[in-house]
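Atom set for the values below is all heavy atoms of this structure, side chains included, hydrogens, waters and symmetry mates excluded. Position 1 is the first residue of the sequence, and the numbers go up from there.
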Amino acid sequence: MSKLYIVPTPIGNLEDMTFRAIKVLKEADLILAEDTRTSSKLLKHFEIGTHMHSHHMHNEHKTIENIIARLKSGETIALISDAGTPAISDPGFLLTRACVENKIPVECLPGATAFVPALVNSGLPNDKFVFEGFLPDKKGRQTRFLALAEETRTMIFYVSPHKLNKTLAEFAQYFGAERQISVSRELSKLHEETIRGTAEEVLKHYEVKPAKGEIVVIVGGKTK
């Protein structure tokens, strides 16, 4: 029976690839990759010879119809992103929805994703949390901050390095300089680090030592 597999890939350390993920990618009829150049290195490392097609945010609307047709014909297709679990701030949602609408089985494998380790090692409450992903660049950014200022659950954000200081300053402005924050970068990689403190303290740290690499910011919720 045809099936779409959602397959997480390592966010940095290749040893985080699961045996099951390798097996699925080897046995699939086709792998959909966010960037085939990036994924080809992963496939080569694990000796996976399955053919790849490009599937990313700029072409996913155009490719879904063809993918659904291939699945209906009996093919098994695996979807991967450049790193982590597809559809978490990456392509994947539209295809998954289309499969559900067409009654095509979808199975998501457990595996690497950046926000879980960042949340757990932050030391901030993780019994209840909200995943915000990337904040709007311009339109709606202030409105989002104002809405989140009243959020009592721990919040998770993905932030690019060149926007980190600006974002930390905005956290201090809208949430208060004393709001607790944890910044994890380069998770699972050689230079992994987590900086914890108030919004003001963490901002001062990165003003002196600009951040590089992939970044996840955990922000404590508003306390009563």
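In this structure, Met17 and Pro8 have side chains that are not in contact, with every pair of non-hydrogen atoms separated by 4.5 Å or more. The shortest distance between side-chain heavy atoms of Glu193 and Arg185 falls below 4.5 Å. Counting heavy atoms from C-beta outward, Ser54 and Asp35 have side chains that stay 4.5 Å or more apart. Residues Thr152 and Thr223 have side chains not in contact (no heavy-atom distance under 4.5 Å, counting atoms from C-beta outward). A 4.5 Å side-chain heavy-atom check between Leu95 and Leu32 finds at least one atom pair inside the cut-off. With contacts defined as side-chain heavy-atom distances shorter than 4.5 Å, the pair Thr113/Ile11 does not qualify.
Note: the hydrophobic cluster containing Val120 also contains Phe129 (ILVMFWY, side chain heavy atoms under 4.5 Å, direct or indirect links). Cluster annotation: Ile77 is not connected to Val100 through the hydrophobic network of ILVMFWY side chains, with a link wherever side-chain heavy atoms come within less than 4.5 Å. Cluster annotation: Tyr158 is connected to Leu124 through the hydrophobic network of ILVMFWY side chains, with a link wherever side-chain heavy atoms come within less than 4.5 Å. Leu30 and Phe46 end up in different hydrophobic clusters when Ile, Leu, Val, Met, Phe, Trp and Tyr side chains are linked at under 4.5 Å.
Between the side chain of Thr76 and the main chain of Ala28, no donor-acceptor pair closer than 3.5 Å is present. The main-chain N or O of His56 is found under 3.5 Å from a side-chain atom of Asn59 such that the two form a donor-acceptor pair. In this structure a side-chain-to-backbone donor-acceptor pair under 3.5 Å is present from Arg179 to Gly220. Side-chain atoms of Thr154 come within 3.5 Å of backbone N or O of Pro125 as a donor-acceptor pair. Panel note: side chain Ser40, backbone Arg37; a donor-acceptor pair is recorded below 3.5 Å. Thr198 places no side-chain N or O within 3.5 Å of a backbone atom of Glu178 that could act as its donor or acceptor partner.
From Cys99, atom SG reaches atom CD1 of Ile104 across 4.5 Å, with rounding to the nearest 0.5 Å. The CD atom of Glu207 lies 6.0 Å from the CG atom of Asn165; values are rounded to the nearest 0.5 Å. Residue Asp16 holds its CG atom at 10.5 Å from CG of Leu187, rounded to the nearest 0.5 Å. The distance from atom CE of Met57 to atom CG of Leu94, rounded to the nearest 0.5 Å, is 10.5 Å. For the atom pair Lys212 NZ and Glu186 CD, the distance stands at 10.0 Å (nearest 0.5 Å).
When every heavy atom of Val24 is checked against every heavy atom of Tyr5, the shortest pair comes out as CG1-CG, 3.6 Å. Counting all heavy atoms, side chain and backbone alike, Leu25 lies closest to Ala78 at CD2-CB, 3.6 Å. Of all heavy-atom pairs spanning Pro161 and Gly213, the tightest one is CG-O, 3.0 Å. Across every non-hydrogen atom of Pro91 and Leu79, the tightest pair is O-CD2, 4.2 Å. Pairing each heavy atom of Lys166 with each of Asp137, the nearest pair is NZ-O, 4.2 Å. Smallest separation of non-hydrogen atoms from Ala98 and Asn102: O-ND2, 2.7 Å.
Residue pairs that meet the salt bridge (Lys or Arg N to Asp or Glu O under 4.0 Å) test with at least one member in residues 56-72, sequence neighbours left out, are Arg70-Glu75. Sorted by first and then second residue, the ring pair (Phe, Tyr, Trp, His ring centres under 6.0 Å) pairs with a member in residues 100-122 read Phe115-Phe131; sequence neighbours excluded. The side chain to side chain donor-acceptor pair (under 3.5 Å) analysis of residues 80-92, with sequence neighbours excluded, yields no pairs. The stretch residues 59-100 participates, sequence neighbours left out, in no ring pair (Phe, Tyr, Trp, His ring centres under 6.0 Å) pair at all.
Screening Lys163, Arg144, Gln142, Arg141 for a side chain to side chain donor-acceptor pair (under 3.5 Å) involving Glu170 leaves a single residue, Arg141.
Checked against side chain to side chain contact (heavy atoms under 4.5 Å, CB included), Gln173 has no partners two or more places apart in sequence or in another chain. Glu214 pairs by the side chain to side chain donor-acceptor pair (under 3.5 Å) definition with nothing, not counting sequence neighbours. Legend: residues meeting side chain to side chain donor-acceptor pair (under 3.5 Å) with Glu150, ordered by chain and number and at least two apart, are Lys222. His45 meets the side chain to side chain donor-acceptor pair (under 3.5 Å) test with no other residue; sequence neighbours excluded. Qualifying ring-ring contact (aromatic ring centres under 6.0 Å, His included) partners for His162, counting only residues two or more places apart in sequence or in other chains: none. Take Thr194 and apply the side chain to side chain donor-acceptor pair (under 3.5 Å) test, not counting sequence neighbours, and it matches Ser184.
In this structure, Tyr206 belongs to a hydrophobic cluster whose other members, linked by side-chain heavy atoms under 4.5 Å apart, are Val130, Leu135, Phe145, Leu146, Leu148, Met155, Phe157, Val159, Leu164, Leu168, Phe171, Tyr174, Phe175, Ile181, Val183, Ile195, Val202, Leu203, Ile215, Val217, Val219. Residue Phe19 is found outside any hydrophobic cluster, as its side-chain heavy atoms come under 4.5 Å of no other Ile, Leu, Val, Met, Phe, Trp or Tyr.
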Steps toward side chain to side chain contact (heavy atoms under 4.5 Å, CB included) verdict (His55, Glu34):
CA-CA 5 Å; His55 182 79; Glu34 186 177 1; over 6 Å; no
Candidate pair Ile80 and Ser39, rule side chain to side chain contact (heavy atoms under 4.5 Å, CB included), full reasoning:
CA-CA 8 Å; Ile80 61 177; Ser39 296; 3.5 Å; yes
Glu201 vs His205, side chain to side chain contact (heavy atoms under 4.5 Å, CB included): CA-CA, chis, key distance, verdict:
CA-CA 6 Å; Glu201 290 169 343; His205 171 85; over 6 Å; no
Could you check Leu109 against Ile6 for side chain to side chain contact (heavy atoms under 4.5 Å, CB included), going step by step and ending with a plain yes or no?
CA-CA 6 Å; Leu109 276 60; Ile6 310 296; over 6 Å; no
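In this structure, His51 has its ring center closer than 6.0 angstrom to the ring center of His53.
Residue Glu101 qualifies as enclosed at atom CD: its count of foreign heavy atoms under 6.0 Å is above 12. No more than 12 heavy-atom neighbours from other residues, nucleotides or ligands sit within 6.0 angstrom of NZ on Lys23.
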